[in-house]
Amino acid sequence: MRRCCSCLHALVVSRVKDIGIPWIFFLVLIILSLINPLRFPCIFYDYILEEDIPFQLESAYYDARKSPSSKMCQAPSTKIHKSIQDLNHSITEADLEEDMKRLFVSPGGIGKPQHCKSHFDVAIIVPYRNRSEQLTLFSYYIHRLLVTQEIEHHLFVVEQANEQPFNRAKLLNVGFQEASKLKDFHCFIFHDVDLIPLNEGNIYACTRRPRHMSVCIDSMRYTLPYCRIVGGAVAITKRQFLKINGFSNIYQGWGGEDDDFYRRLTEIGKFDVIRYDPVVSQYAMLYHPREEKGENRFQFTKPKDDGLKTLEYDVLDISLNPAYTKIKVQI
Ligand code: UDP
Ligand code: BGC
Ligand code: MN
């Protein structure tokens, strides 16, 4: 037995020597990264630390260095916030309606603090087609978060009515135009319907620079696939969005429109894109099969021509749901 063990030991040592320590380390890393979901932090990027978030926020009425006047709500705090541990997937339309009443959210998905004036006024724009269960769950969780954060907000769902391949970016442009007709929103958050923010400290307001919000997604093992990614959820001020002429309108089908948006942000806007601390920017993605890839997803557009300035669409219907305003469009 003893001899056998020492044989085994010798064998392992010789194998390790053959393969080499760096290779063994590499193999272990691959095996670990295949176990999903792994709660690796999103490393290697420059993030706004949790305690600095209040100093990065921007709005017409907010200055982190001054204490707010008596009418204003409390300034966003950096104390440790709660996180959602388990999503409740069985929320129904009726639960949603009930919850909106409890949260004092008005029909159309308009929420504002009851006893103070919010520092922020945000339009949330969601591109949408045929994902009703996700929409119910998203609406439920997003209003809860915004009410907790005392953020005045209006949730818009822009639904593509035609059967052509889905055009996420164009729908977001439509959302921007239609929301701006109703009110002079200072801040826009363009948000996928299947992303549920898990941390209360992830303040849903605009920052001095455009912000990529969905940093750590469970289905992506809480890591960013590449540095220039701005898919999922983005917060941007009206002024910044106008400067870059919005999104491109040409991306049909899955992919590419967000990469084009990154180019607009950096090349036209000359903006640095920022991100919040991974501690507060965790998201759950609701399951869906992969959509069909767009043929032109690697093509980049000339932003000066294509975008808000060339946007054409027909609004078919605007309806008020208890939790959102739905704008049905032909694009
Ligand atoms: N979307 C939708 N219906 C579709 C395709 C996309 O509502 O048939 C919207 C939805 O808001 C979704 C977003 O577009 O979250 C992005 O698409 P998807 O989730 O398929 O892409 P992913 O980001 O997961 O790669
Ligand atoms: C696509 C993006 C997408 C990203 C992450 C890229 O190849 O062009 O649209 O957000 O992959 O899935
Ligand atoms: Mn998705």
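Atoms within each ligand, like the ligands themselves, are counted from 1 in listed order.
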I'd like to check which ligand 1 atoms, numbered from 1 as shown, lie under 4.0 Å from a non-hydrogen atom of [X].
| X | result |
| --- | --- |
| Met285 | 24 (O) |
| Trp254 | 21 (O), 22 (P), 25 (O) |
| Tyr128 | 7 (O) |

Handout entry: More than 12 heavy atoms of other groups within 6.0 Å of Glu312 CD
Key =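 Open: at most 12 neighbouring heavy atoms sit under 6.0 Å from CD of Glu312.
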Handout entry: Residues, nucleotides or ligands: over 12 heavy atoms within 6.0 Å of Glu163 CD
Key =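 No, the 6.0 Å shell around CD holds no more than 12 heavy atoms from other groups.
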Problem - Pro127 heavy atom under 4.0 Å from ligand 1 - result: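 Checking ligand 1 against Pro127, which is what was asked, there is a heavy-atom contact under 4.0 Å.
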Exercise for the section: Heavy atoms only: give me the nearest Asp306-Arg264 pair and the separation to one decimal. Expected result: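 In this case the closest contact between Asp306 and Arg264 is O-NH2, 2.9 Å.
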Handout entry: Shortest non-hydrogen contact from Cys206 toward His186
Key =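 Shortest heavy-atom contact: CB-CE1, 4.5 Å.
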Practice task
Of all N, O or S atoms in Asp194, identify the one at the shortest distance from the Mn ion (ligand 3).
Solution key: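 Nearest N/O/S atom: OD2.
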Problem - Cation-pi check, Lys170 onto Tyr313 ring (under 6.0 Å, within 45° of axis) - result: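 No.
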Nearest-contact summary for [atom] - protein heavy atom, Å:
| atom | result |
| --- | --- |
| atom 1 (C) of ligand 2 | Asp259 OD2, 3.5 Å |
| atom 9 (O) of ligand 2 | Asp258 OD1, 2.5 Å |
| atom 19 (O) of ligand 1 | Asp194 OD2, 2.8 Å |
| atom 6 (C) of ligand 2 | Tyr226 OH, 3.4 Å |
| atom 5 (C) of ligand 2 | Ile229 CD1, 3.6 Å |

Practice task
Keeping the roles fixed (side chain from Asn245, backbone from Lys309), state whether a donor-acceptor pair exists under 3.5 Å.
Solution key: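 It does hold such a pair.
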Problem - Backbone N/O of Gln282 and side chain of Asn199: donor-acceptor pair under 3.5 Å - result: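 Indeed, once roles are kept as given, a pair shorter than 3.5 Å links the two residues.
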Problem - Check: Phe241 ring centre within less than 6.0 Å of Phe190 ring centre - result: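 So the answer is yes for these two rings.
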Practice task
Just let me know how Gln134 lines up against ligand 1, side chain, backbone, both or neither, with a heavy-atom cut-off below 4.0 Å.
Solution key: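 Neither; nothing of Gln134 gets under 4.0 Å from ligand 1.
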Practice task
Work out whether the distance between some heavy atom of Phe298 and some atom of ligand 2 is less than 4.0 Å.
Solution key: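 Per 4.0 Å heavy-atom rule, Phe298 does not contact ligand 2.
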Practice task
Taking atom types as modelled, find out whether Asp99 and His143 have a side-chain donor-acceptor pair closer than 3.5 angstrom.
Solution key: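 Asp99 vs His143: no donor-acceptor pair found between side chains.
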Practice task
Check each heavy atom of Tyr262 against ligand 2 and say whether those closer than 4.0 Å belong to the side chain, the backbone, both or neither.
Solution key: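 No part of Tyr262 comes within reach of ligand 2.
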Practice task
Pick, from His191, Glu257, Arg131, the option with the minimum heavy-atom distance to atom 20 (O) of ligand 1.
Solution key: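 Result: the heavy atom closest to atom 20 (O) of ligand 1 is in Arg131.
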Handout entry: Trp254 N/O under 3.5 Å from ligand 2 N/O
Key =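 Not met; the criterion fails.
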